[in-house]
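Working notes, structure below.
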Protein chains: 2
Amino acid sequence: MLTTMAWDTEQTKRKLKDAAVAEFAAHGPGGTTMERVARRAGVNKERLYNYFGDKNSLFATVLADELNKVAAAVPLDHLDGPDAVADYAGAVHDYHAAHPELTRLLLWEGLAGLPRVPDETTRTRYYQAKVDTFARAQRAGLISDTLPPADLAFLVLALAGWWYAVPQMARMTHADAPGDPRAALRHAARRLAQPG
Amino acid sequence: MLTTMAWDTEQTKRKLKDAAVAEFAAHGPGGTTMERVARRAGVNKERLYNYFGDKNSLFATVLADELNKVAAAVPLDHLDGPDAVADYAGAVHDYHAAHPELTRLLLWEGLAGLPRVPDETTRTRYYQAKVDTFARAQRAGLISDTLPPADLAFLVLALAGWWYAVPQMARMTHADAPGDPRAALRHAARRLAQPG
DNA sequence: CTCATCTCCAACGTTTACGTTGGAGATGAG
DNA sequence: CTCATCTCCAACGTAAACGTTGGAGATGAG
């Protein structure tokens with residue numbers, strides 16, 4: 001077995017972080033127990049404290065990791081029209097559909113109600129880059145400029161994220177008609193961006 | 001004092017429920033302790049169990065109460081055009097702004113990830129009534145019918161609710177420009193409903 | 001071979017919350 | 001006045017999770 005041939009602390013950390021993502025997404029910071037994280041990872045609980053400190057530090061670490069992943073997976077540096085906005089909304093939705101943990105981590109974080117979140121300045125820059133992309137497209141006349149760019153960017157993310165924020169509401173509003181969330185939010189995003 | 005003149009079990013229940021709403025909204029079902037609820041209400045902890053059973057029952061009770069309140073406070077039985085949709089979105093936003101507890105309770109509930117929520121059939125009827133209102137307005141040609149009515153209703157609620165779901169994201173996207181959430185979401189809602 | 005490092009295991013003391021119970025005082029209907 | 005009801009208070013036993021510790025086995029660099 002390769003795993004017995006050598007110490008691989010990176011792999012151990014990775015296994016712990018993967019388990020932590022799953023547990024935190026499922027149960028939140030408050031409902032997650034360090035013991036379950038360790039057990040899920042197949043690693044001893046003591047390793048968690050040794051590598052990541054206490055529970056809050058672990059949560060901050062895994063959330064930062066997941067944010068880096070989505071930043072890399074769903075880039076946005078150019079918008080040439082309403083269809084590009086729809087494409088972006090669709091890509092965000094697809095990422096969330098494939099990785100529902102991220103939205104849930106963000107929701108847990110939001111519910112915690114802290115005045116500032118970890119890495120707030122870095123994350124602010126990240127969001128401001130998105131806002132700037134919308135602003136540039138507006139100045140170029142490629143998309144509607146009747147909404148401030150920050151609002152437009154934020155509301156496009158709302159269209160994509162709300163399904164995962166309140167799945168019970170989605171289930172009840174769509175009780176009679178399953179529908180196609182992806183198509184709906186793409187259409188809505190395009191409408192928000194349509195000039196004229 | 002009036003309060004010492006007679007037993008008023010309804011007032012005692014009310015005080016406990018009000019305290020429970022505040023605690024559950026702030027800390028969620030998992031993070032809330034029965035002791036703190038009782039202390040905040042100025043009532044003995046034992047009363048909680050006597051009146052409402054265990055913690056899960058208490059949560060279900062207060063959430064049902066809050067849903068009844070919003071249903072009464074923000075009715076929707078007729079839509080005569082895109083401006084009416086904007087008005088509805090604005091009213092939903094105003095209610096959430098005045099009672100942030102409701103969104104938070106719904107988010108905690110959603111994160112719990114139960115296959116069914118308490119009172120699901122009643123609540124489904126409530127949402128379906130909203131969807132029907134959108135559907136009627138579409139059939140009458142008063143608002144756009146390019147989105148299924150369930151999607152349109154759901155996404156309007158998304159525009160109003162996302163601000164409270166991920167306040168940290170709102171803070172970061174709007175770091176450079178405070179803006180006016182209410183005006184933005186009204187504008188967006190009108191756009192989604194605009195025919196043609 | 002030696003030794004610093006990585007890891008597991010088992011148990012620790014502490015804290016916190018659950019849901020319950022027994023006893024006692026206050027109230028108002030009959 | 002009597003008694004069923006409402007309420008407070010203090011403490012209970014149980015369970016769970018926190019973060020830590022001491023001891024011991026495995027690994028591989030030097």
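The sequence lines fix the lettering, A, B, ..., with proteins before strands; numbering per chain opens at 1. Remember, it's a predicted structure, so these values are computed and weren't measured experimentally.
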If you look only at distance, which donor and acceptor atoms sit under 3.5 Å apart when one is on a side chain in residues 36-45 of chain A and the other is two or more places apart or in another chain?
from  : atom 1 : to    : atom 2 : distance (Å)
A:R36 : NE     : A:E23 : OE1    : 3.2
A:R36 : NH2    : A:H27 : NE2    : 3.3
A:R40 : NE     : A:E23 : OE2    : 3.0
A:R40 : NH2    : A:E23 : OE2    : 3.3
A:N44 : OD1    : A:E46 : N      : 3.0

Identify each donor-acceptor pair in which a side-chain atom of residues 159-166 of chain A lies under 3.5 Å from a protein atom, sequence neighbours left out, and give them as a table.
from   : atom 1 : to     : atom 2 : distance (Å)
A:W163 : NE1    : A:L159 : O      : 2.8
A:Y164 : OH     : A:H93  : NE2    : 3.2

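- Here salt bridge (charged side-chain N to carboxylate O under 4.0 Å, His left out) pairs that include residues 186-196 of chain B, with residues two or more places apart or in two chains, are B:D83-B:R190, B:D87-B:R186.
- Of the listed nucleotides (D:dC8, C:dG19, D:dG19), D:dC8 has the atom at the smallest distance from the side chain of B:E46.
- Residue contacts for B:N50: at a heavy-atom cut-off of 4.0 Å it reaches no nucleic acid atom on any strand shown.
- Among residues two or more places apart in sequence or in another chain, the salt bridge (Lys or Arg N to Asp or Glu O under 4.0 Å) test is passed with B:K13 by B:E10.
- With sequence neighbours left out, the ring pair (Phe, Tyr, Trp, His ring centres under 6.0 Å) criterion links A:F52 to no other residue.
- Counting only heavy atoms from C-beta on, B:K45 has its side chain closest to C:dC18 among D:dG19, C:dC8, C:dC18.
- In DNA chain D, runs of at least 3 consecutive Watson-Crick or G-U pairs, each pair with both distances below 3.5 Å, span C:1-30 with D:1-30.
- Within the structure, side-chain hydrogen bond (donor to acceptor under 3.5 Å, both in side chains) pairs that include any residue of residues 122-132 of chain B comprise B:E109-B:R123 (at least two apart or interchain).
- Interface residues of residues 26-34 of chain B facing DNA chain C, ordered by number: B:T32, B:T33, B:M34; criterion, heavy-atom separation under 4.0 Å.
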Donor-acceptor pairs under 3.5 Å, side chain of residues 56-65 of chain B to any protein atom, not counting sequence neighbours: which ones?
from  : atom 1 : to    : atom 2 : distance (Å)
B:S57 : OG     : B:D54 : OD1    : 3.0
B:T61 : OG1    : B:S57 : O      : 2.8
B:D65 : OD2    : B:K17 : NZ     : 2.9

